[in-house]
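Working notes for the structure below.
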Number of protein chains: 2
Amino acid sequence: MTASEKSTDRPLRADAERNKQRLIAAAQEVYAERGVEVTLDDIARHAGVGIGTAYRRFADHAELIDAAFESEVRQMIALAEAALTHQDPWEGVVQLLLTTGEHVARNRGLREVLVNRRLGRDRVAAAREQLTPAVNAVFTRAQQAGHLRDDLEVTDFPFIQMMIGATAEHSRDVAPELWRRYLTVLLDGLRPARNSPTPLAHRALDPQEFDQTMV
Amino acid sequence: MTASEKSTDRPLRADAERNKQRLIAAAQEVYAERGVEVTLDDIARHAGVGIGTAYRRFADHAELIDAAFESEVRQMIALAEAALTHQDPWEGVVQLLLTTGEHVARNRGLREVLVNRRLGRDRVAAAREQLTPAVNAVFTRAQQAGHLRDDLEVTDFPFIQMMIGATAEHSRDVAPELWRRYLTVLLDGLRPARNSPTPLAHRALDPQEFDQTMV
DNA sequence: GGATAACTGGAGAATTATCTCCAGTTATGG
DNA sequence: CCATAACTGGAGATAATTCTCCAGTTATCC
């Protein structure tokens, strides 16, 4: 009955609760840096507890991912809701894509969790499902205001975010902010019309830097 | 000395050469469908030969990838060169991104090989290096003709292709042509200016289809 | 068509990751 | 401060994958 205590059972003994929190914190750090495909051994070591302790608290890897990312995904929802309150609907879209980019560029595991349904469990799944309508609201508002091309539909928005995420993923180690450049290009493609290119938000890689990409 | 015969040594015995070609053909099929992270056992079985035979011909997985993708990457070079001969420089860019998209959408392994330096060996590496200048030529010509925003630099072009590849990857199983839609948006972001959105090249997913994405 | 070098294929060694088990230790409540 | 239920941590069972080895088979050359 490893990790089924949920909320119904008695609370954990103090030392157990402490170790559990350490594991979650360690998992968040390690996932952010190296993605979710790390071993539980690595996380346990990073948390300073034994492997057995990790498996006593979390039935398997998926359950730890669930615990580690629920709050991260909820943060993404909060970002979308904040973007919706932006006075200018278009700037709301820009802000949403910027803050999303900032998060996934810094957190490799988060990007994986957002994009892959098989990761995590019910808590992450629930958060992920709330994220979609929050994001849709931001885009739809801009579209109704005429600031966003109107041939787009709600199912397109996650793919827009995915494109940014892909550039962030590949440039992470060489130029962690490079994705901002491609976000600008994308945004220029999302507008109904425009007269000139929006100034790019980050310099291009030089050829040498580029060579270091994709390793 | 498993697979070091290269070109210098004597030719393989007829049956060995036949098995080698079978292995390469099987690898191309399996990689295209399931990516390069399949086991050599799977490929051997698919080719109808024993595992031992596979390892006698190819020192390791990387060497088989090298043999299987050299021609695929060379095809990509040919596509870029063909796009360069297009009368209209901008249509050359469009054609390049379209044909590239078609290839990577149909071949999961190809996308992985193009994007990840660690895959393959010297033959794929050499082809990959020739691909970059060929792609650059197509973009640079359009840029000099004033059809492409001129704040882009050559190191940006692979990232443009990467964004298309990311959308192709994620929608492959549900709507293998969906990437065309996002290519249109991206192209609209690449132009120096425009008055209205280019008509999208593919319908959007409906919410139900979207749910099937990302599994 | 026989001698032999080359090749075949699968059993299993080596490696790596996931997860279980339990002897020993520790927090807690009476 | 003691009894004991709860927890700890790591040794190892299990499983998946990569790669090696060699007894048996087959193509080729004379």
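Protein chains get the first letters and strands the later ones, always in sequence-line order, with residue 1 at the start of each.
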**Message:** My understanding is that only residues two or more places apart in sequence, or in another chain, count here; which of them pass side chain to side chain donor-acceptor pair (under 3.5 Å) with B/D60?
**Reply:** B/R121
**Request:** With heavy atoms under 4.0 Å as the rule, sort A/D41 into base, sugar-phosphate or nothing.
**Result:** base
**Asked** Between B/E37 and A/G50, who's closer to the 5' end of DNA chain D by nearest nucleotide?
**Response** A/G50
**Asked** How close or far is atom P of C/dT18 from atom CD of A/E63, stated in whole angstroms?
**Response** 15 Å
**Prompt:** Does the distance from a Lys or Arg side-chain N to an Asp or Glu carboxylate O, for B/R18 and B/D15, drop under 4.0 Å?
**Reply:** no
**Asked** Tell me: NZ of A/K20 to P of D/dT8, nearest whole Å?
**Response** 12 Å
**Message:** Measuring from the side chain of A/R56 (C-beta onward, heavy atoms only), which nucleotide among D/dT18, D/dA27, D/dC7 has the closest atom?
**Reply:** D/dC7
**Message:** Between the base of C/dT26 and the side chain of A/R13, is there a donor and acceptor pair under 3.5 angstrom?
**Reply:** yes
**Message:** Does B/E91, at its CD atom, have more than 12 non-hydrogen atoms belonging to other residues, nucleotides or ligands within less than 6.0 Å?
**Reply:** yes
**Message:** Can you confirm whether A/F58 sits close enough to A/D66 that some side-chain heavy atom of one is under 4.5 Å from a side-chain heavy atom of the other?
**Reply:** no
**Message:** Measuring from the side chain of A/A14 (C-beta onward, heavy atoms only), which nucleotide among C/dT18, C/dA27, D/dT18 has the closest atom?
**Reply:** C/dA27
**Item:** Given DNA chain D, 5'-ward residue of the pair A/G48 and B/G52, judged by closest heavy atom
**Value:** A/G48
**Asked** A/R57 has an atom CZ; how far is it from atom C1' of D/dA6, in whole Å?
**Response** 9 Å
**Asked** Between C/dC7 atom C1' and B/L12 atom CG, what is the distance in whole Å?
**Response** 10 Å
**Message:** D/dG9, OP1 or OP2 - any side-chain N/O from A/T53 closer than 4.0 Å?
**Reply:** yes
**Prompt:** Under 4.0 Å: is that the gap between some side-chain N or O of B/Y55 and OP1 or OP2 of D/dC19?
**Reply:** yes
**Fill in**
From CG of B/L64 across to P of D/dC19 the rounded distance in Å is 11 Å
**Message:** Please report the distance, rounded to the nearest Å, between CG in A/D15 and P in C/dT26.
**Reply:** 10 Å
**Message:** Using whole Å, what does the distance between atom P of nucleotide D/dT17 and atom CD1 of B/I43 come to?
**Reply:** 13 Å
**Fill in**
Rounded to whole Å, CZ of A/R45 lies from C1' of D/dT8 at a distance of 17 Å
**Complete:** Taking D/dT17, D/dT8, D/dG10 as options, the one with an atom nearest any side-chain atom of A/N19 is D/dT8
**Asked** When you look at B/V104 and B/Q161, which way does the side-chain contact (heavy atoms from CB on, under 4.5 Å) test go after all the steps?
**Response** CA-CA 10 Å; B/V104 302; B/Q161 292 179 296; over 6 Å; no
**Asked** Of the candidate nucleotides C/dC19, D/dT17, D/dC7, which contains the atom at the shortest distance from the side chain of A/I51?
**Response** C/dC19
